[in-house]
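The structure appears right after this line, and notes come after that.
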Amino acid sequence: MTEFTETTTYIITCPDCQGNKVRKHGFQAGQQRYFCKGCKKAFRANGKAQGRRMDADMVGSAIRDYYTGKSYKQIAEGLKNEYDLAKEPSKATIYENVRDYTTKAVGELKDHKAKTGGHWVADEMQVDVGGEKVWLWNVMDSKTRYILASHLTPRRDAQAARVVLRKAALAADKPPTSITTDKLRSYIPAVKDVIPESKHIQSEGMRAKVNNNLSERLQGTFRDRIKTLRGLDSIKTGQHYLDGWTLTYNHFRGHESLGNKTPGEKAKMKPPFREWADVVKAGAATLPKVKAGKRPSLSLPKSRQPKASQDKEAGTKRRGRIKPPKPVLPKVGRSQADQGKKAGKRPRGLIEPPKPVLPKVGRRAKKPKSRTPRWARVIPRLPRRN
């Protein structure tokens with residue numbers, strides 16, 4: 001573990017391999033650079049997002065504002081005033097940050113299952129995508145308010161309902177005992193095929209005892225957000241936005257009905273982040289402060305350990321640059337046909353020719369001598385005729 005002490009003790013880790021074998025490596029733009037001995041990469045521990053010019057907290061704030069209802073122009077103006085920037089960040093930069101870190105966060109949560117209750121609610125509504133009308137499906141757990149699936153389809157048939165219910169079943173730890181939908185007939189065969197052990201309940205209206213008001217309220221929340229977007233461009237980009245908005249709804253936004261807890265906390269999920277800034281900081285080189293006598297655990301599995309730590313465990317020591325191993329070339333001798341004749345056997349199939357001997361490559365490798373004498377390499381010029 002590498003420690004650098006000035007007035008405060010800091011622990012420096014590599015943002016690529018998370019290794020702790022780090023040394024100082026000069027300065028760049030007035031900031032200290034470091035070099036990782038494990039992955040042989042240089043970096044600056046300035047708290048900035050990996051491959052970005054903006055700070056990790058600034059990027060996280062921009063993503064949060066985008067999914068809470070602000071436009072790119074409003075986000076750029078807010079960042080300039082909040083962080084005292086010389087000029088506003090471009091809308092293209094904010095768009096790239098939202099796109100990249102949304103994909104990263106959704107990928108991190110693929111293997112996490114929500115502990116849901118025994119009752120689900122499902123509903124669909126029509127939205128404008130690229131000038132056309134498509135259908136938005138939502139499936140939510142009524143106990144935890146956790147959105148299990150949010151999907152866009154061009155049609156509203158039974159096949160589309162099956163796709164949505166399968167997506168919801170993969171996000172939950174167990175199938176529900178009952179599910180409430182509206183009176184759309186597409187739900188009837190879909191529920192029987194995907195979750196046959198569940199009881200299908202059809203809503204009788206908003207004011208009836210058997211209603212689907214929880215799902216209708218969720219649809220209204222999404223309609224308010226779409227007004228700022230003025231519609232979605234395509235099904236692909238619209239689905240990407242839905243994934244990020246659902247993640248914000250489930251994990252980064254508290255609900256009054258849940259005691260200001262998030263649906264993810266109510267569903268007993270433990271994601272690797274609590275806000276959008278944590279998603280950005282996961283790939284940033286930060287300077288965490290460490291108190292005396294306490295050190296964070298930086299142990300990694302052997303498959304992810306840097307080469308330097310593996311060599312230390314094996315008892316070997318390397319100095320200088322690591323040279324690649326030399327290729328082992330086959331011995332050159334008699335061909336397969338000659339070997340077969342000597343053994344009294346007849347070769348079968350195609351006879352492979354012996355592999356050529358490759359010359360040595362390096363500083364000490366001797367250059368092959370040319371058979372042409374030096375005087376013959378220069379062609380003499382003939383005199384011109386007068």
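In this text the structure is predicted, and so the values were computed from the model without any measurement.
- Every ring pair (Phe, Tyr, Trp, His ring centres under 6.0 Å) that F35 has, sequence neighbours left out, goes to H25.
- Shown here are the side chain to side chain contact (heavy atoms under 4.5 Å, CB included) partners of Y83, two or more places apart in sequence or in another chain: D57, M58, S61, L79, L85.
- Residue V194 belongs to a hydrophobic cluster whose other members are W120, W135, W137, V139, Y146, L148, V164, L165, I179, L184, Y187, V191, I195, M269, with links defined by side-chain heavy atoms closer than 4.5 Å.
- Side-chain atoms of R99 and Y95, non-hydrogen and from C-beta on, do get closer than 4.5 Å to each other.
- Separation of atoms OG1 (T102) and CG (N97) is listed at 10.0 Å; rounding is to 0.5 Å.
- Evaluation of the side chain to side chain donor-acceptor pair (under 3.5 Å) rule for T103 yields H240 as partners, not counting sequence neighbours.
- Residues in residues 245-271 take part in no salt bridge (charged side-chain N to carboxylate O under 4.0 Å, His left out) pair, two or more places apart or across chains.
- For K73, the side chain to side chain contact (heavy atoms under 4.5 Å, CB included) partners are S71, E77, E88, not counting sequence neighbours.
- Checking T221 against R217 by side-chain atom types alone, a donor-acceptor pair falls below 3.5 Å.
- Ring geometry, Y66 versus Y72: the interplanar angle falls under 30°, so the pair is classed parallel (tilted spans 30 to 60°).
- In this structure, CD1 on I235 lies 6.5 Å from CG on L152, to the nearest 0.5 angstrom.
- Applying the side chain to side chain donor-acceptor pair (under 3.5 Å) rule to T181 yields the partners H200; only residues at least two apart in sequence or on another chain are considered.
- E124 and N138 share no side-chain donor-acceptor pair at under 3.5 Å.
- M140 and V163 are assigned to two separate hydrophobic clusters, defined by single-linkage of ILVMFWY side chains at heavy-atom distances under 4.5 Å.
- To the nearest 0.5 Å, atoms CG (L214) and OG (S142) are separated by 6.5 Å.
- Transitive grouping of hydrophobic side chains (ILVMFWY, heavy atoms separated by less than 4.5 Å) keeps L170 and L247 in distinct clusters.
- Expressed to the nearest 0.5 Å, how far CD1 of I94 lies from NZ of K70 amounts to 11.0 Å.
- Of the possible donor and acceptor atoms, one in the side chain of S198 sits under 3.5 Å from a partner among the backbone N and O of P176.
- Scored by the salt bridge (charged side-chain N to carboxylate O under 4.0 Å, His left out) test, D157 finds R155 as partners (sequence neighbours excluded).
- Shown here are the ring pair (Phe, Tyr, Trp, His ring centres under 6.0 Å) partners of Y67, two or more places apart in sequence or in another chain: Y241, W276.
- How far NZ of K183 is from CD1 of I188: 11.0 Å, rounded to the nearest 0.5 Å.
- Shown here are the side chain to side chain donor-acceptor pair (under 3.5 Å) partners of E108, two or more places apart in sequence or in another chain: there are none.
- For the residue pair H119 / T180, a side-chain donor-acceptor distance below 3.5 Å is found, with atom types taken as modelled.
- With sequence neighbours left out, D243 forms a side chain to side chain donor-acceptor pair (under 3.5 Å) with Q239.
- The salt bridge (charged side-chain N to carboxylate O under 4.0 Å, His left out) pairs that include a residue from residues 132-147 number zero, where partners must be two or more places apart or lie in different chains.
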